[in-house]
Amino acid sequence: MSDTIEKTVEEVKAEGKGFISRRNFLKGLGVTGASVALFTTGTRLLATPEQEPVSKIPLERDIYWPERLTREQLIEMQRKMLQIRWYDRTVADKMLTEKGFRGYMHGSPGHEACAVGACFALNKDDWMAGYHRSHHHAIAKGANIRKMAAEIIFKASGTNNGYGGSMHIMQADVGMLGEDGVVGPGCCYGAGAGHALRARGKGQVALTFGGDAHATTPYFHISLNEAATHKIPWVYVIENNQYLDARGQHISECINVDDIAIMATAYNIPGVVVDGMDVLDVYNAVKAAVERARAGRGPTLIECKTYRYYDHFGVRGAEPGKLGSFGLGYRSDRELLSWLARDPIDKHRKTLVQTGMLTEREADALEEEVKAEIRDAFRWAEAQPVPRAEDGLRHVFVEEESVLPRMLADCPPWKTYA
Amino acid sequence: MSDTIEKTVEEVKAEGKGFISRRNFLKGLGVTGASVALFTTGTRLLATPEQEPVSKIPLERDIYWPERLTREQLIEMQRKMLQIRWYDRTVADKMLTEKGFRGYMHGSPGHEACAVGACFALNKDDWMAGYHRSHHHAIAKGANIRKMAAEIIFKASGTNNGYGGSMHIMQADVGMLGEDGVVGPGCCYGAGAGHALRARGKGQVALTFGGDAHATTPYFHISLNEAATHKIPWVYVIENNQYLDARGQHISECINVDDIAIMATAYNIPGVVVDGMDVLDVYNAVKAAVERARAGRGPTLIECKTYRYYDHFGVRGAEPGKLGSFGLGYRSDRELLSWLARDPIDKHRKTLVQTGMLTEREADALEEEVKAEIRDAFRWAEAQPVPRAEDGLRHVFVEEESVLPRMLADCPPWKTYA
Amino acid sequence: MSMKGWFYAQMEGIVQALEQLGTDDFIFWYEATTPIATAPGLPTIDLTKKYGEDRVRYSGLDEMWYAGATLGAALVGSIAIDWHDMYMANPYPFEIVSQHAAKLHHMTGGQATIPAVWVIHISGQGPGLAGQHSDYEADSWYAHVPGVRTVIPSTVYDAKGLMITAVKSKDPFVYLNGSAFRALSDDIPDTPYEVPIGKAAVRTRGSDLTIVSSGQGMLAAMEGAQKLQGDGISVETIDLRCLNPMDTETLVKSAKKTGRVLTVDQSKYTLCPGAEVIARIAEFTDGVKFKRIAFPDAPPPGAPEMFNYMKPNGTHVYEAAKALLRK
Amino acid sequence: MSMKGWFYAQMEGIVQALEQLGTDDFIFWYEATTPIATAPGLPTIDLTKKYGEDRVRYSGLDEMWYAGATLGAALVGSIAIDWHDMYMANPYPFEIVSQHAAKLHHMTGGQATIPAVWVIHISGQGPGLAGQHSDYEADSWYAHVPGVRTVIPSTVYDAKGLMITAVKSKDPFVYLNGSAFRALSDDIPDTPYEVPIGKAAVRTRGSDLTIVSSGQGMLAAMEGAQKLQGDGISVETIDLRCLNPMDTETLVKSAKKTGRVLTVDQSKYTLCPGAEVIARIAEFTDGVKFKRIAFPDAPPPGAPEMFNYMKPNGTHVYEAAKALLRK
Ligand SMILES: Cc1ncc(C[n+]2csc(CCOP(=O)(O)OP(=O)(O)O)c2C)c(N)n1
Ligand SMILES: Cc1ncc(C[n+]2csc(CCOP(=O)(O)OP(=O)(O)O)c2C)c(N)n1
Ligand SMILES: [Mg+2]
Ligand SMILES: [Mg+2]
């Protein structure tokens, strides 16, 4: 790690290095103009095109991390984003068209770059905690997609054996601590996990994903404060899609600052705003933060400006075969279109094609391959058995086969002692 | 309110106005050099001699509020500080010397200027929430000292009729919401009170006092965030005495910033550091914040750098008739002495004498008067009756005379239904 | 009398209670449910319009904040309501309710009054949401806290009446609001009325067997009672309505009459409200036979197969009652 | 065997459990009590020295933080202990324990394991501290949460044995730690041993009357039992030790034998653990007579006159037993 971490933005800028950006990187590859100009959303929160540190402590900037990715990795990023996209589009279409489909989703389309960019910065044995909207996180961290498809329709062979469903997918063996139906605590147990990992001394780090509303919860403060004070190897990635739930409350009505990242100032740690629609931008920042954490320099708060194409929950305003939810009332279709125009998958595809890593045909083929894979996954899932009713009494404890069916007239002790 | 509130510190400074300080005020009165140079505490948190806004939004600075206080008010400040000092010194001495004395205290000596400076900025019908160390707040807000003396020894005629004791003194009719044995929530219900007061439309404001450890609690963040977002007329005064409890943990081990006031940046509100040993400095800042709140401009976070002369709780290291606790281990006696040298009562006395508001004799007489008053209060308290045992079952509800004595063999329903 | 939905009844209760108190000094925090209620042929109730945005405040996602803010508003004398409709966040207000709201009147020797209501939604209703979003435990948590009244309506009539009682009271209330009742409508009075605290409601009168339940447990209890009546069994069904204080007298009198008591809870078995019911009856009368059914001591699973198996229903009640009658 | 204090026994339990598991991968957060324990003639146990500051961490005042951090550490496979000795802050870990720790194993279909112990101190002991600092309610709150074992020792032997059981278990535990026991010493084994969960301890054997209690209630229960024995009454005294799961069998067998059950709780009356005791016995056997005493449904007042009157003591137990025997 270079010393520049401890310098101010201005100093680094003055030195004329450190700000090796996506633009420069692409320029280096002979590609310019690839980044689409960012749309603004009125007077609301702006996405910023370059990763500008908000707090006084900047992240290390003299390495542009994506430069070090291989062609295979850059293509793998695209594959993962496509998997996420088609997984959720498939769920959306099923919700719209299949009577009796018992899955549901908090759709992640729009957020793909956040999940994939961040998870690519992690090793397999690093841990990641999701939130309620975490299909994309699970896939990005390498969860089994078939089992995920089975889980959201509560099949006995789902990731969680049908106990959890869409909001609680966990896959421990790929380092996914799980989604969380309660908004907020993920940062707290994520940072706690980081604390334990440091003690273990194997250089692992932990990462928590959160929505913008995380910034309004009690856990946000205590976790950042403690993680900063104790230099816990932990990265906090906020996917600021600007809205809370299906009421459509805008985050600007819930906090008094333009960028959540500025809150890092209260903890004297780097707070960074990145373009959440650019997988390389996200990767660059998270990778720098992960390196910083691994080096014992403590946590980083990263805010990805992003957007969710669907409604908060479910498929209101969506049409089969079409991406996104329109006419939601709390947001304009124009706003949605402006974000669709910056789609992270289109963008990365362009990068891959323009840099000669994929031909247009190969890019198409990749997409078809993923679609087939997802189609298969859901077919497999549908063929799986449902759980047995009595199994609801199992898995309450590791050390107890099952608990008693206390709703039954002949619950065992009744017989035993009567 | 002038427009300067929305300007940056630099702009205001450039205009050459706004920073009318204690020094300037005293200079205007022909007194200079009255403020004692501040001691530092090694590499730890520094008290800053002038009230420097920490966040980007400064408090209005073109009025030096103490200038508008009458002689009577300036003397009344001294009286209140003396009452606090002698109330707690008396408790300390009694704890040290009277076997069977059943009161206790989290001593406030050292903090007098914080309480008095802040409460003088409030009207009687403004509300104030204390914390566990709030003898000084109660007295500063005008609570009945006799009844307080009775309360801490659990007399039936104490402020709380003996139900509360030292940690829970409340006096509603002077706008004191009460102390709190749980560290943290006071900011939350304080700000909630402010919200309700605004709706009532009578221009009232609410103020919460907190210790430095408040900054580590979940309530700190959510209250400041919501109060800032909704521009709640509320002022948050942190008395940073640098230590947590009797373990002696220093606040710098619990937060990652030098000044708690910087945390205001996360909420885009003024965050101000003041000299908590200078009653006028505290008053000036809190008064500006109160005016700001009343004008509908939202909350302010004010950090008073201060010190507690006694141990966290009780009288370890103290001697009868002597001020302060020495030899505590977790802090050096030298550090304590350096703060004693900046005593807020001595300082204000000097101001009063040097500005001709009191002669030395009158100042002495004031002190004697207060001592006698406190002596009387404790005498009165000791003569008061203790509560009746069964009264513990009363006051559980407003609308129920008393609850049932469920520890008794003959608890009423037993008889009724048997 | 007119037909009103559950929510309309509650909103009407709030407005009428404030009218009776003659005050507009009222603060209401909400999260997911906009306080606008309609009912066919009746005027729309819109709390925000009526009292203004400074009093009726949408407060984002931070349940801990508005639980505490509610206390603060009440402490300075406003009637304050925390409309806590995020059941997965039920433990959040717990600190403020148990350590502050429930203790301050006593701890201040009668000075502090807390005219506040924490309307805490409990769910546990549908399958598919799993552990956190379909939980039902908060009844016993809050009912074990002294210094606060814990009520739990299961009829539209009580939803309104208990709301009026709670809002008018100078004491703090926890008003548990079962999500299963959201779709319920009933013909209830238009004029204000109170449901007294500490008085259980006898929903069916009978002499063979007493069934005691509360909140959403009443759905299974009533279904079971009907089936039993179909078999010619005379069932007395008691709806606690108020968990703390609990109506010992009604319970004991019914138990003395029938000699058999079945408790039904959607809450988790261990220390469910039914445990308190049985303990009270057993303490104050002899020779009664008891049976208790409840949700097993397990989190609710997501899969409908498992969840529906575990949630007590009318058949469970019917069979348990039969077993108890054979005892 | 050697004389050990309460705290020493617990620290020894932790160290021996880790030794038995053969792991050092252990995280311990504490607040007011430095984990250094001494006992006459025995080696000092200093957790910080033994495991390092990265594992044994003093974490300021933020109970909510380390309650959650404990969960995180456990989720990634470390044995994690939250030494929560701030009883006035007992509701803080409640969200994490009830909504996460207790549900995650089930909600993940058996994947997540949580080898964590939340050691939650309860007080309620001395007068003078009033409502918040001398409270005793958390037993029922936590015992009503399924998916977590709630244990509550009242002897030095159990303090160690239950700690070993809890630390070695792959399941989450709430270990309720009564402040009244801090000064207790006893001659207990030096070697590791476990106290089985779900097994109550019979402290005195008898045939006239069963007294059931737990935690600090045991102090009054044992005092009362002694007095009764002085009168020639044969008392069976049962210490629950584990509130959830509760040992129904031991309770029912004793009740069948004596026919009379008195429960004693320092917890608040409504839904105190004794309510569950009575309900279980009443469900599974007939003809037993019951009586329950507990702290009244009121916050504990500060003044000693009031507090000492309300806290159940040996005389209360004695008199209640006498009344029950006359019944
Ligand atoms: C503690 C809590 N409160 C409320 C909810 C209901 N809820 C679920 S998601 C959500 C909005 C979250 O917004 P954000 O963090 O921005 O994430 P997004 O859904 O936009 O991805 C709300 C209010 C919850 N699950 N948990
Ligand atoms: C929630 C909670 N945790 C812990 C405690 C125990 N405690 C009482 S005061 C205190 C230290 C508070 O420090 P600070 O806020 O700096 O206030 P000070 O005592 O220095 O005035 C602690 C840990 C408590 N009362 N409440
Ligand atoms: Mg969002
Ligand atoms: Mg302090």
Side-chain angles (χ1 to χ4, degrees), chain A residues 102-104 132 151-156 158 160-168 180-184 211-220 244-247 249 251 253-255 385-397 402-411 414-415 418, chain C residues 31-34 58-65 86 88-89 91-92 127-135 220 262 264-266 268-270 272 291-313 315-324 326-327:
Chain A
R102 58 186 200 170
Y104 59 81
H132 60 282
E151 183 57 35
I152 69 163
I153 51 175
F154 306 104
K155 292 302 183 78
N160 302 31
N161 300 330
Y163 288 70
S166 164
M167 247 184 314
H168 306 106
D180 196 340
V182 180
V183 173
D212 36 292
H214 265 222
T216 71
T217 72
Y219 288 107
F220 181 87
L244 273 74
D245 58 21
R247 297 180 54 93
Q249 190 175 35
I251 186 62
E253 297 164 46
C254 303
I255 55 176
V386 296
R388 290 178 313 168
E390 319 83 69
D391 282 355
L393 302 170
R394 295 182 57 225
H395 293 314
V396 180
F397 295 105
S402 82
V403 299
L404 295 173
R406 301 295 200 174
M407 66 291 168
L408 297 184
D410 61 349
C411 180
W414 173 262
K415 292 189 233 163
Chain C
E31 180 168 347
T33 324
T34 313
Y58 176 28
S59 249
L61 175 143
D62 191 358
E63 298 84 14
M64 206 163 147
W65 151 251
M86 281 296 144
M88 78 296 294
Y92 280 90
L129 294 163
Q132 298 165 332
H133 274 68
S134 71
D135 204 14
L262 170 67
V264 180
D265 277 290
Q266 194 169 327
K268 306 309 179 323
Y269 180 82
T270 298
C272 64
K291 171 77 188 147
R292 164 168 57 147
I293 62 175
F295 200 96
D297 281 325
E305 291 76 18
M306 301 193 281
F307 179 82
N308 291 332
Y309 168 73
M310 290 158 75
K311 191 181 129 193
N313 59 32
T315 308
H316 294 134
V317 173
Y318 175 80
E319 281 167 10
K322 287 286 202 182
L324 180 58
R326 278 193 301 273
K327 212 179 160 186

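Every chain is numbered from 1 and lettered A, B, ... according to where its sequence line falls, protein lines coming before strand lines. Only a predicted model underlies this, so the values are computations on that prediction, with no experimental measurement involved.
Here the closest heavy-atom approach between residue C/Met306 and residue A/Asn161 is recorded as CE-O, 4.3 Å. Pairing each heavy atom of A/His168 with each of C/Leu129, the nearest pair is CE1-O, 3.2 Å. Closest approach of A/Gln249 to C/Gly60, counting heavy atoms only: OE1-CA, 3.2 Å. When all heavy atoms of C/Pro296 and A/Met407 are compared, the closest pair comes out as CG-SD, 3.7 Å. Residues C/Tyr309 and A/Pro405 approach most closely at OH-CB, 4.1 Å, considering heavy atoms.
Between the side chain of A/Tyr104 and the backbone N or O of C/Gly128, at least one donor-acceptor pair lies under 3.5 Å.
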message = Is there a side-chain contact (heavy atoms from CB on, under 4.5 Å) between C/Ile293 and A/Arg406? Walk through the geometry before answering.
response = CA-CA 6 Å; C/Ile293 62 175; A/Arg406 301 295 200 174; over 6 Å; no

Residue pair C/Glu305, A/Asp391: steps toward the side-chain contact (heavy atoms from CB on, under 4.5 Å) verdict = CA-CA 9 Å; C/Glu305 291 76 18; A/Asp391 282 355; over 6 Å; no

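Interface remark: of the candidates A/Gly184, A/Ala156, A/Pro387, A/Pro387 forms the most heavy-atom pairs closer than 4.5 Å to chain C. Of the listed residues (C/Met86, C/Lys268, C/Glu63, C/Met88), the one with the most heavy-atom contacts under 4.5 Å to chain A is C/Met88. The most heavy-atom pairs under 4.5 Å with chain A, out of C/Ser59, C/Ala321, C/Gly302, come from C/Gly302. No other option in A/Val182, A/Val403, A/Asp245 has as many heavy-atom pairs under 4.5 Å with chain C as A/Val182. Chosen from C/Gly131, C/Pro301, C/Pro304, the residue pairing most often with chain A at heavy-atom distances under 4.5 Å is C/Pro304. Ranking A/Gly164, A/Cys254, A/Pro218 against chain C, the residue ahead of the rest is A/Pro218, based on heavy-atom pairs under 4.5 Å.
Proximity to chain A is limited to the backbone of C/Thr33, based on heavy atoms less than 4.5 angstrom apart. Contacts between C/Ala89 and chain A at a heavy-atom distance below 4.5 Å are absent for every atom of the residue. Only the side chain of C/Met64 comes within less than 4.5 Å of a heavy atom in chain A; its backbone stays farther off. Looking at A/Glu151, neither its backbone nor its side chain comes within 4.5 Å of chain C, counting heavy atoms on both sides. There is no contact between C/Thr315 and chain A, counting heavy-atom distances below 4.5 Å. Proximity to chain C (any heavy atom under 4.5 Å) is restricted, for A/Arg102, to the side chain, taken from C-beta onward. Residue contact with chain C, scored on non-hydrogen atoms closer than 4.5 Å, is absent for A/Phe220. Using a 4.5 Å cut-off between heavy atoms, C/Tyr92 touches chain A through its side chain atoms alone. Of the atoms belonging to C/Leu262, not a single heavy atom falls under 4.5 Å from chain A. For chain A, the nearby part of C/Glu31 is the backbone; its heavy atoms alone come within less than 4.5 Å. Of the two parts of A/Leu408, the backbone and the side chain both hold a non-hydrogen atom closer than 4.5 Å to a non-hydrogen atom of chain C.
For the atom pair CG of C/Asp297 and CZ of A/Phe397, the computed distance is 8.0 Å after rounding to the nearest 0.5 Å. Between the OG1 atom of A/Thr217 and the CG atom of C/Leu61 there is a distance of 7.5 Å, given to the nearest 0.5 Å. Within the model, atoms NE2 of C/His316 and SG of A/Cys411 stand 11.0 Å from one another, a figure rounded to the nearest 0.5 Å. Between the OH atom in C/Tyr58 and the CZ atom in A/Arg247 there is a gap of 4.5 Å [rounded to 0.5 Å].
Annotation: side chain of A/Thr216 is not in contact with side chain of C/Trp65 (no heavy-atom distance under 4.5 Å).
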